[in-house]
Amino acid sequence: MRTLLLIPGRVKTELAEAISADLHPHMDYDALADSLRREAGAQADVLDYAAVAQEGHPLVRLIRALAGRDAALAMLGFLRRRRYDALFTNGENVGIPLALLLKMVRHRPGHVTIGHRLSAGKKRLFFTLLRADRQMDTIFVYAQTQRDYGQVRLGIKQEKLCLIRFHADQRFFRPLPEIAVAPNQLCSAGLEWRDYPTLLAAVTDLPELSVRLAAASPWSKHTDETAHRVLPPHVTARRYDYAELRHLYASSSFVVIPLYENDFQAGVTTLLEAMAMGKAVIVTRTTGQRDVVTDGENGLTVEPGDAAGLREAIRRLYTDTELRERLGRNALQWARENATLPQWVDHIQSALVKAASRFC
């Protein structure tokens with residue numbers, strides 16, 4: 001089987017040494033490509049924004065100028081489709097334009113995509129009128145709300161929509177008992193839909209705590225709301241590399257993921273990384289973030305924008321060692337059973353093999 005992975009970003013190359021030295025997690029697209037090559041005996045190629053920038057085909061250059069890199073990446077994949085049995089798009093921002101291009105040809109390879117947020121208003125036209133889903137064999141979603149929306153509001157066939165868990169690289173994000181935990185330290189990380197103002201309001205009157213914010217993300221386009229803001233003396237915010245971030249999780253008593261209301265799995269990366277390290281978590285109970293944490297079982301949840309409720313949850317975890325340890329153990333067990341990188345890879349790979357077989 002020959003598979004092409006279209007990744008909307010800049011693929012990190014030459015990571016093998018850092019991964020081997022335990023300084024960097026395995027990237028999911030790389031793990032998928034490796035698994036396809038190893039287990040399915042397949043050719044697996046990866047194209048990203050760098051490939052778009054280097055491509056000299058006039059159609060790719062034109063589309064990039066008119067519609068941006070995502071559409072240009074889709075065009076590049078379309079132009080190379082005859083070389084492959086299956087195409088994987090790591091987001092509907094590439095999956096939709098690719099599907100529309102595939103409508104123009106009689107024979108196409110299999111197409112599997114990730115639907116991060118099908119409910120975004122501008123995407124509705126592409127599914128309801130242009131029926132982009134007809135050129136998608138499997139659409140993976142990470143939130144039940146997105147699966148329901150896709151089926152009920154967009155009319156996508158139930159068998160095409162597959163709810164799966166996101167993932168954390170369990171070999172990198174793992175419990176590190178050798179790192180001392182600072183009893184009064186909590187941390188948070190990420191940018192996507194992060195409600196840091198509510199977290200800051202919750203901890204302003206808790207000066208006994210040391211609050212560390214890793215307010216950065218390689219994927220999010222959201223603004224860092226900790227920047228250009230005067231932070232309380234016990235709060236710091238900066239970028240962390242992966243090794244530093246893992247140390248931050250390990251040295252913190254618990255992890256807080258404050259979110260603005262949204263209907264998809266915003267915050268899930270930080271959430272699963274912390275859980276995979278055996279940390280108790282507090283997360284905002286948004287419409288979309290309800291598929292991972294069960295309040296009081298493997299974490300605590302609070303309502304969006306509720307600074308007082310978040311302050312109470314923080315105080316509760318800070319003062320109750322038994323609760324904190326129990327939630328951390330349950331979080332680790334849940335992550336190991338439901339959200340490891342190999343599990344994610346297996347789901348995607350199986351769908352690609354199935355999609356390719358339909359067109360052989």
Side-chain angles (χ1 to χ4, degrees), residues 23 168 172-217 220 222-260 267 269-284 293 298-302 305-332 335:
L23 296 174
F172 184 80
F173 293 105
R174 64 186 188 275
L176 296 175
E178 65 273 20
I179 296 178
V181 175
N184 67 331
Q185 179 177 298
L186 68 89
C187 73
S188 187
L191 275 185
E192 190 176 42
W193 292 82
R194 292 303 192 275
D195 185 6
Y196 285 124
T198 292
L199 175 56
L200 291 173
V203 301
T204 295
D205 296 330
L206 300 173
E208 68 274 21
L209 296 179
S210 175
V211 181
R212 301 287 178 260
L213 308 180
S217 169
S220 180
H222 284 248
T223 301
D224 177 4
E225 292 194 286
T226 68
H228 312 298
R229 181 188 293 266
V230 177
L231 302 176
H234 61 295
V235 179
T236 62
R238 68 174 180 87
R239 289 180 174 269
Y240 290 72
D241 65 27
Y242 276 110
E244 291 176 321
L245 178 62
R246 183 176 63 176
H247 191 282
L248 179 65
Y249 289 144
S251 63
S252 296
S253 288
F254 54 95
V255 180
V256 182
I257 304 99
L259 301 169
Y260 289 111
T269 300
T270 300
L271 181 60
L272 293 178
E273 288 170 354
M275 293 174 70
M277 296 194 67
K279 294 296 173 178
V281 296
I282 302 172
V283 64
T284 307
V293 173
N298 60 350
L300 298 180
T301 63
V302 296
D306 183 3
L310 181 55
R311 185 182 303 111
E312 178 57 32
I314 289 172
R315 278 193 178 127
R316 188 179 171 195
L317 277 192
Y318 174 53
T319 58
D320 192 335
T321 303
E322 183 179 352
L323 173 64
R324 192 169 63 242
E325 292 179 351
R326 177 175 64 82
L327 294 180
R329 288 193 302 270
N330 291 345
L332 175 60

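As the structure is a computational prediction, the values presented were derived from the model and not from experiment. Counting begins at 1 with the first residue of the sequence.
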Undergrad: As an exercise, state the distance from CD of Glu273 to CE of Met277, rounded to the nearest 0.5 Å.
TA: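 Taking CD in Glu273 and CE in Met277, the distance rounds to 9.5 Å.
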Undergrad: Does Arg174 qualify as a cation-pi partner of Phe172, given the criterion of NZ or CZ under 6.0 Å from the six-membered ring centre and within 45 degrees of its axis?
TA: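 No cation-pi geometry.
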Undergrad: Working note: Arg326 + Asn298, criterion side chain to side chain contact (heavy atoms under 4.5 Å, CB included); need CA distance, chi angles, decisive distance, verdict.
TA: CA-CA 8 Å; Arg326 177 175 64 82; Asn298 60 350; over 6 Å; no
Undergrad: Which heavy atom of Ala276 sits nearest a heavy atom of Leu332, and at what distance?
TA: O-CD1, 3.2 Å
Undergrad: Looking at CD1 of Ile179 and OH of Tyr249, how far apart are the two atoms once the value is rounded to the nearest 0.5 Å?
TA: 13.5 Å
Undergrad: Between Leu23 and Tyr242, is any pair of side-chain heavy atoms under 4.5 Å apart?
TA: no
Undergrad: Do the side chains of Arg238 and Glu244 get close enough for a salt bridge, i.e. N-O under 4.0 angstrom?
TA: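 Yes, charged N to carboxylate O under 4.0 Å.
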Undergrad: Taking the side chain as every heavy atom from C-beta outward, state whether Val211 and Cys187 have any pair of such atoms under 4.5 Å apart.
TA: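 They are not in side-chain contact.
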Undergrad: Given side chains that start at C-beta, do those of Leu310 and Ile282 come closer than 4.5 Å, heavy atoms only?
TA: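 Yes, close enough: below the 4.5 Å cut-off.
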Undergrad: Could you check whether any side-chain heavy atom of Leu317 comes within less than 4.5 Å of a side-chain heavy atom of Val256, counting everything from C-beta outward?
TA: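 Not in contact.
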Undergrad: To the nearest 0.5 Å, tell me how far Asn184 CG sits from Leu206 CG.
TA: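 Going from the CG atom of Asn184 to the CG atom of Leu206 covers 11.5 Å.
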Undergrad: Looking at side-chain heavy atoms only, is the closest gap between Arg329 and Glu325 below 4.5 Å?
TA: yes
Undergrad: For the side chain to side chain contact (heavy atoms under 4.5 Å, CB included) test, which of Thr301, Val302, Val255 pairs with Val283?
TA: Thr301
Undergrad: Can you confirm whether Leu209 sits close enough to Leu186 that some side-chain heavy atom of one is under 4.5 Å from a side-chain heavy atom of the other?
TA: yes
Undergrad: Check Tyr240 against Leu213 and note the closest heavy-atom contact, atom names and distance.
TA: CE1-O, 3.8 Å
Undergrad: Please report the closest heavy-atom contact between Thr198 and Asp195, naming both atoms and the distance.
TA: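 Shortest heavy-atom separation between Thr198 and Asp195 comes out as OG1-OD2, 2.6 Å.
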Undergrad: Would you give the length of the straight line joining atom OG of Ser188 to atom CZ of Phe254, rounded to the nearest 0.5 angstrom?
TA: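 Separation between the atoms: 11.0 Å.
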Undergrad: To the nearest 0.5 Å, what is the distance between CZ on Arg316 and CG on Leu327?
TA: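 That separation rounds to 7.5 Å.
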Undergrad: Indicate the atoms forming the closest heavy-atom contact of Thr204 with Pro232, along with that distance.
TA: OG1-CG, 4.1 Å
Undergrad: Looking only at atom types and distance, does a side-chain atom of Ser251 sit under 3.5 Å from a main-chain N or O of Leu248, one as donor and one as acceptor?
TA: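 Answer holds: yes.
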Undergrad: Has the side chain of Thr270 got a donor or acceptor atom that lies under 3.5 Å from a matching backbone atom of Ala189?
TA: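 Checked: pair present.
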Undergrad: When you measure from the side chain of His234 to the backbone N and O of Val203, does any donor-acceptor pair fall under 3.5 Å?
TA: yes
Undergrad: Is the shortest heavy-atom distance from the side chain of Leu300 to the side chain of Glu312 under 4.5 Å?
TA: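 Result no, sub-4.5 Å side-chain heavy-atom pair not found.
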Undergrad: Examine Arg194 relative to Tyr260 and say whether NZ or CZ is less than 6.0 Å from the centre of the six-membered ring and inside a 45° cone about the ring axis.
TA: no
Undergrad: Specify the closest pair of heavy atoms between Pro258 and Thr284, including all atoms of both residues, with the distance to one decimal.
TA: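 That closest heavy-atom pairing would be CA-OG1, 3.4 Å.
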Undergrad: Starting at CG of Leu245, measure out to CZ of Arg239 and round the result to the nearest 0.5 Å.
TA: 12.5 Å
Undergrad: Can you establish whether the number of heavy atoms outside Glu208 located under 6.0 Å from its atom CD is more than 12?
TA: yes
Undergrad: Which atom pair, heavy atoms only, marks the closest approach of Tyr318 to Arg324?
TA: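 Scanning both residues completely, I find the closest heavy atoms to be O-NH1, 3.2 Å.
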Undergrad: Assess whether side-chain hydrogen bond (donor to acceptor under 3.5 Å, both in side chains) is satisfied between Ser253 and Gln185, documenting all intermediate values.
TA: CA-CA 6 Å; Ser253 288; Gln185 179 177 298; over 6 Å; no
Undergrad: Are Val281 and Val293 side-chain neighbours, meaning at least one heavy-atom pair lies under 4.5 Å?
TA: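 They are in side-chain contact.
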Undergrad: Run Arg212 and Ser210 through side-chain hydrogen bond (donor to acceptor under 3.5 Å, both in side chains) and show every step you take.
TA: CA-CA 7 Å; Arg212 301 287 178 260; Ser210 175; 2.8 Å; yes
